[in-house]
Structure formats: C-alpha cells, structure tokens
K.L.:
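My questions all concern the structure below.
We number each residue from 1, following the sequence as shown.
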Amino acid sequence: MNEIALKYGCNPNQKPARIFLADGGNLPVAVLNGKPGYINFLDALNSWQLVKELKENTGMVAAASFKHVSPAGAALGYPLDNVLRKMYHIDPRMQLSPLACAYARARGADRMSSFGDWIALSDVCDVPTAQIIKSEVTDGIIAPGYDPQALEILKSKKGGNYNVVAIDTRYLPASLEHKQVFGITFEQGRNSLKIDGSMLENMVTQNKTLTDAQKRDLVLSLITLKYTQSNSVCYVQDGQVIGVGAGQQSRIHCTRLAGQKADNWQLRHMPKVLNLPFRADVSKPNRDNAIDVYLGETPEDVIGDDVWAETFTRQPQPLTKGQKKKWLAKVTGVSLGSDAFFPFGDNIERAHRSGVTAIVEAGGSIRDQQVIDTCNKYGIAMAFCGLRLFHH
C-alpha cells in the first residue's frame with residue numbers, strides 16, 4: 001500500500017490527512033486493525049525507532065509507552081519482582097515473558113501520563129504482552145509482528161477498534177528528511193547517529209567510575225532523549241526510565257519535572273502506598289490517579305473525611321513530608337541524561353535529591369566547571385558525550 005488515508009490531522013479541522021512516501025513507494029507499515037490517526041502514526045514511528053535502537057544496542061527486548069510524540073516510559077525486558085508487580089497492577093501468579101516485562105516497566109514509569117498511550121515493541125507481540133495490554137487504557141500498538149492469539153486479544157479491545165500496526169523491520173528511511181511549516185519546506189539530514197557506550201568515555205568529574213549497570217542506564221537515557229521533544233531530561237534506574245521531563249523551555253524545569261516523576265516512582269515502593277486499601281470496584285486508572293494525588297501536595301482530595309469512601313475501604317493516613325523525605329533519602333543508583341548541556345549547577349543539586357549518582361550530558365556550557373564542581377561535591381560521576389539530541 002502506498003498511502004493510508006487518515007480521518008484528520010492533528011485536529012479535526014485539519015483535513016485532508018494521509019501518510020505516504022514522497023517517492024510513491026509502498027509504506028513500511030500495515031494497519032492490521034482499527035484506524036490510526038495522524039498523531040497515532042507520529043507516536044508509532046517515533047516510538048518504533050526508540051525500541052529498535054534499544055534492541056540493537058543492548059540485545060534485549062524493549063518497549064516504549066508514548067504520549068503526544070514523547071515517551072512517558074521506555075524499558076528493557078528485565079523480570080519484575082513482587083513489588084513492581086504490585087505497583088503495576090499485575091497479578092503475582094501471571095506468567096510474564098521478557099517482552100511483557102519490558103512493556104509493564106515502560107507503562108509503569110509514569111502510569112498517569114501513559115493513560116491512553118501508544119505502545120512500541122521491539123519484537124513480535126506475544127500472548128503475555130497482549131494480555132497486559134488488554135487490561136490497560138491505550139490507543140494502539142506498533143510491533144514487527146503479532147502471534148496469532150496475541151493479535152486476536154488485541155483486536156478485541158475498544159469494541160474491536162483497537163489500533164494495531166505492523167512495521168517492516170527491513171525498512172530504511174532516506175538520509176534526508178523534510179517537513180513543512182507555514183508552507184515552507186525544511187530539509188535536514190536524518191539523525192542516524194548511533195548511540196552506545198563510547199559516548200561515556202569522556203569522564204570530567206573526580207569520580208570516573210561507571211558500573212556496567214550505570215553505563216546501560218545512561219545509554220538508555222540518551223536513546224530515550226533522542227526521541228523526546230526538547231528540552232528534555234531523563235532519569236533511569238535498573239534498565240527502565242523512571243522520569244521524563246519533555247518540551248520545557250527551561251532545562252531546570254525539565255530536571256524538576258522529571259525528578260518529581262522519578263521521586264513518585266520511588267515513593268510508590270513504600271509499603272504504605274503499596275497497601276492502600278482500595279475498594280475492589282475502583283479501576284486501575286482511578287487507582288493510579290488516587291496514588292498520584294495521595295503522593296502530592298493535596299492528599300485530602302482523595303483521603304479527606306468527605307471523599308475517602310469513594311475510593312477506599314477505610315480512611316488512609318497521609319504520608320507526611322518527613323516520611324517521604326526519609327524514604328527518598330535512601331534512594332541511590334539513579335542515572336540521568338540530558339539532551340544538551342546543563343547551564344547551571346542547580347540541575348545537579350536537584351538531580352542529587354533524587355538519588356542520581358551518574359550523569360551524561362553534552363558539555364559545552366560556559367559554566368561547565370560550576371556543573372562539574374557540583375557533581376564533585378556529591379561524588380557524582382559525569383561524562384560529557386559532546387552530543388546534542390534536540391528533537392522537534
């Protein structure tokens with residue numbers, strides 16, 4: 001097929017809409033179910049590139065959860081322990097494949113943002129992965145293929161209208177890419193730069209030691225940032241993204257936004273949060289929303305005297321600032337990537353409060369030494385990769 005007609009563009013008033021190859025060739029994607037829209041395909045094609053690169057770099061299956069052309073989460077297929085299963089609402093008895101684990105982790109990074117996500121899988125979608133997807137609110141999926149039973153599971157979603165897209169893994173795009181803005185065509189070379197461990201060789205801090213786990217996580221952060229709307233910052237731990245700050249005009253706001261998401265991910269490990277007494281009839285999205293509010297500045301919105309019974313079987317006690325601070329003070333081993341240089345040391349101060357022990361950034365700021373000095377104050381290892389990863 002050489003073109004796919006779309007219902008409309010970014011908004012309903014933007015018609016007509018379609019996707020096609022400028023040379024008239026056949027598209028590398030096929031719609032197996034549903035009718036994906038303009039934004040769906042933007043998410044699909046960006047997220048596919050992310051998981052494809054993760055698989056090529058690590059040799060592990062990978063998954064991503066995209067919303068509005070940026071990842072809410074991305075992850076490799078490491079097993080889930082019982083705590084993560086509870087955080088991600090997965091039955092402890094459920095048999096999970098590595099691919100299912102990857103998606104559960106990607107979705108679990110920021111479940112609030114992943115509500116209604118687009119999914120990308122690096123490998124053929126199997127039944128365990130489809131079973132997890134079946135119980136989530138999601139707009140669609142792109143993968144190299146689908147096991148027959150998995151495809152039937154996915155087709156049953158959304159009254160039979162769930163968007164399922166297959167992509168040809170052999171497809172290579174042209175080296176030049178184009179887009180139009182206000183009727184003017186922009187042309188640039190495609191960002192085909194390969195990201196790997198060689199980006200971490202220029203260690204600029206007193207601490208020049210990176211563990212294999214830190215190297216993996218820093219590379220994961222860079223590949224994720226490559227497909228995140230800039231400015232962007234990404235926190236990673238244990239082979240999964242735990243916080244993304246995307247599209248902010250100020251880098252410190254990226255760092256704060258991503259850091260708050262990472263902190264919430266850490267706080268969700270607390271027994272007090274894991275054991276919140278939800279009513280059996282409260283759906284997963286409503287549970288996720290309640291947890292997010294419970295961890296925020298106004299927990300009374302869900303546990304107040306007049307509202308708690310709508311969500312819980314008994315009234316939970318609030319988490320105090322002291323309890324949250326004590327839990328977060330124990331966090332360590334988090335890695336952080338930035339899609340361009342940090343202009344001030346305040347970014348490092350904020351990262352340190354979220355347990356960051358390793359950083360990769362471009363370098364090249366006139367205040368590089370201030371940033372390095374702040375890292376040295378906390379024993380953080382930092383590499384300058386010399387690489388900017390803006391994406392728009």
Side-chain angles (χ1 to χ4, degrees), residues 1-57 62-71 74 117-125 139-146 161-195 222-232 246-247 339 387-392:
M1 181 178 292
N2 59 10
E3 79 168 51
I4 296 175
L6 308 175
K7 190 173 181 180
Y8 50 77
C10 283
N11 299 290
N13 63 294
Q14 292 177 270
K15 300 176 182 179
R18 61 178 176 144
I19 61 170
F20 62 97
L21 293 180
D23 64 5
N26 287 327
L27 288 165
V29 292
V31 177
L32 305 185
N33 199 66
K35 190 173 183 180
Y38 190 98
I39 295 174
N40 291 148
F41 271 113
L42 288 176
D43 281 339
L45 297 176
N46 278 281
S47 60
W48 163 248
Q49 293 177 82
L50 194 164
V51 298
K52 180 174 181 286
E53 288 194 36
L54 284 179
K55 174 70 179 292
E56 290 171 349
N57 183 279
S65 171
F66 258 60
K67 281 288 293 291
H68 297 292
V69 205
S70 282
D117 65 344
W118 186 275
I119 300 163
L121 304 178
S122 65
D123 287 66
V124 171
C125 182
D139 275 2
I141 181 172
I142 187 169
Y146 300 84
N161 294 315
Y162 186 65
N163 295 313
V164 181
V165 176
I167 186 162
D168 185 348
T169 59
R170 299 166 298 178
Y171 171 69
L172 292 174
S175 59
L176 287 178
E177 59 187 16
H178 306 82
K179 74 174 180 179
Q180 286 193 336
V181 178
F182 200 51
I184 296 171
T185 299
F186 288 64
E187 178 182 89
Q188 67 175 353
R190 182 174 173 271
N191 189 1
S192 57
L193 181 67
K194 181 177 174 58
I195 295 174
L222 289 177
I223 293 175
T224 300
L225 291 166
K226 187 178 177 182
Y227 299 102
T228 304
Q229 300 298 301
S230 299
N231 287 325
S232 56
D339 70 351
L387 174 67
R388 196 179 79 172
L389 291 169
F390 281 2
H391 180 61
H392 294 285

K.L.:
In a table with atom names and distances, give each donor-acceptor pair under 3.5 Å that connects a side chain of residues 47-54 to protein atoms at least two apart or in another chain.
P.N.:
| from | atom 1 | to | atom 2 | distance (Å) |
| --- | --- | --- | --- | --- |
| Ser47 | OG | Asp43 | O | 2.6 |
| Ser47 | OG | Ala44 | O | 3.1 |
| Gln49 | OE1 | Arg190 | NH2 | 3.1 |
| Gln49 | NE2 | Leu45 | O | 3.0 |
| Lys52 | NZ | Glu56 | OE2 | 2.8 |
| Glu53 | OE1 | Lys226 | NZ | 3.3 |
| Glu53 | OE2 | Lys226 | NZ | 2.9 |
| Glu53 | OE2 | Tyr227 | OH | 2.3 |

K.L.:
Can you list the residues that meet the side-chain contact (heavy atoms from CB on, under 4.5 Å) rule with Asn13, with sequence neighbours excluded?
P.N.:
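Scan of Asn13 (side-chain contact (heavy atoms from CB on, under 4.5 Å), adjacent residues dropped) gives Asn11.
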
K.L.:
Under the rule for salt bridge (charged side-chain N to carboxylate O under 4.0 Å, His left out), what residues qualify as partners of Lys55, not counting sequence neighbours?
P.N.:
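For Lys55, the residues satisfying salt bridge (charged side-chain N to carboxylate O under 4.0 Å, His left out) (neighbours in sequence not counted) are Asp123.
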
K.L.:
Please give me the minimum heavy-atom distance between Val165 and Tyr146, naming the atom from each residue.
P.N.:
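Scanning both residues completely, I find the closest heavy atoms to be O-OH, 2.6 Å.
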
K.L.:
Using every non-hydrogen atom in the two residues, find where Gly183 and Gln180 come nearest and quote the distance to one decimal.
P.N.:
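For Gly183 versus Gln180, the nearest heavy atoms are O-NE2, 4.4 Å.
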
K.L.:
Who pairs with Glu177 by salt bridge (charged side-chain N to carboxylate O under 4.0 Å, His left out), at least two apart in sequence or on another chain?
P.N.:
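If we apply the salt bridge (charged side-chain N to carboxylate O under 4.0 Å, His left out) test to Glu177, skipping adjacent residues, there are no hits.
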
K.L.:
Rounded to the nearest 0.5 Å, how far apart are CG of Asn231 and NE2 of His392?
P.N.:
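With rounding to 0.5 Å, CG (Asn231) is 7.0 Å from NE2 (His392).
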
K.L.:
Look at atom NE2 of His68 and say whether more than 12 heavy atoms of other residues, nucleotides or ligands are closer to it than 6.0 Å.
P.N.:
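Atom NE2 in His68 is not crowded, with 12 or fewer foreign heavy atoms closer than 6.0 Å.
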
K.L.:
Name all residues meeting the side chain to side chain donor-acceptor pair (under 3.5 Å) criterion together with His178; count only those two or more places apart in sequence or in a different chain, and write none if there are none.
P.N.:
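For His178, the residues satisfying side chain to side chain donor-acceptor pair (under 3.5 Å) (neighbours in sequence not counted) are Glu187.
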
K.L.:
At what distance, to the nearest 0.5 angstrom, does OG1 of Thr224 lie from CD1 of Ile195?
P.N.:
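One gets 9.0 Å once the value is rounded to the nearest 0.5 Å.
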
K.L.:
Once you round to the nearest 0.5 Å, how far does CG of Asp139 lie from CG of Asp117?
P.N.:
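If we round to the nearest 0.5 Å, Asp139:CG and Asp117:CG are 7.5 Å apart.
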
K.L.:
With rounding to the nearest 0.5 angstrom, report the CG to CZ distance, Leu6 to Phe41.
P.N.:
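So the gap between those two atoms works out to 6.5 Å.
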
K.L.:
Just to verify, what does Leu193 make a side-chain contact (heavy atoms from CB on, under 4.5 Å) with, not counting sequence neighbours?
P.N.:
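Leu193: side-chain contact (heavy atoms from CB on, under 4.5 Å) contacts with Asn191, Met199, Leu387.
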
K.L.:
Would Lys15 and Tyr8 satisfy side chain to side chain contact (heavy atoms under 4.5 Å, CB included), going step by step from the backbone distance to the final call?
P.N.:
CA-CA 5 Å; Lys15 300 176 182 179; Tyr8 50 77; 3.9 Å; yes

K.L.:
What pairs of donor and acceptor atoms, side-chain ones from residues 21-39 against any protein atom, are under 3.5 angstrom apart with sequence neighbours left out?
P.N.:
| from | atom 1 | to | atom 2 | distance (Å) |
| --- | --- | --- | --- | --- |
| Asp23 | OD1 | Gly25 | N | 2.8 |
| Asn33 | ND2 | Gly160 | O | 3.1 |
| Asn33 | ND2 | Tyr162 | O | 2.8 |

K.L.:
Working to the nearest 0.5 angstrom, can you tell me the gap between Ser70 OG and Leu225 CG?
P.N.:
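Separation between the atoms: 10.0 Å.
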
K.L.:
Output all residues satisfying side chain to side chain donor-acceptor pair (under 3.5 Å) with Ser230, sequence neighbours left out; order by chain, then residue number.
P.N.:
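Side chain to side chain donor-acceptor pair (under 3.5 Å) list for Ser230, sorted by chain: Asp339.
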
K.L.:
With sequence neighbours excluded, tell me which residues meet side chain to side chain donor-acceptor pair (under 3.5 Å) with Asn2.
P.N.:
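Per chain and number, Asn2 pairs via side chain to side chain donor-acceptor pair (under 3.5 Å) with no residue.
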
K.L.:
List the residues meeting side chain to side chain donor-acceptor pair (under 3.5 Å) with Asn57, not counting sequence neighbours, and say none if there are none.
P.N.:
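For Asn57, no residue satisfies side chain to side chain donor-acceptor pair (under 3.5 Å) once neighbours in sequence are set aside.
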
K.L.:
Trp118 pairs by side-chain contact (heavy atoms from CB on, under 4.5 Å) with which of Val69, Asn40, Asn46?
P.N.:
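The passing option is Asn40.
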
K.L.:
Is it the case that more than 12 heavy atoms not belonging to Lys194 sit under 6.0 Å from its NZ atom?
P.N.:
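Correct, the count exceeds 12.
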
K.L.:
Could you state the interatomic distance from CD1 (Ile4) to CZ (Phe20), rounded to the nearest 0.5 Å?
P.N.:
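One finds 12.5 Å between CD1 of Ile4 and CZ of Phe20.
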
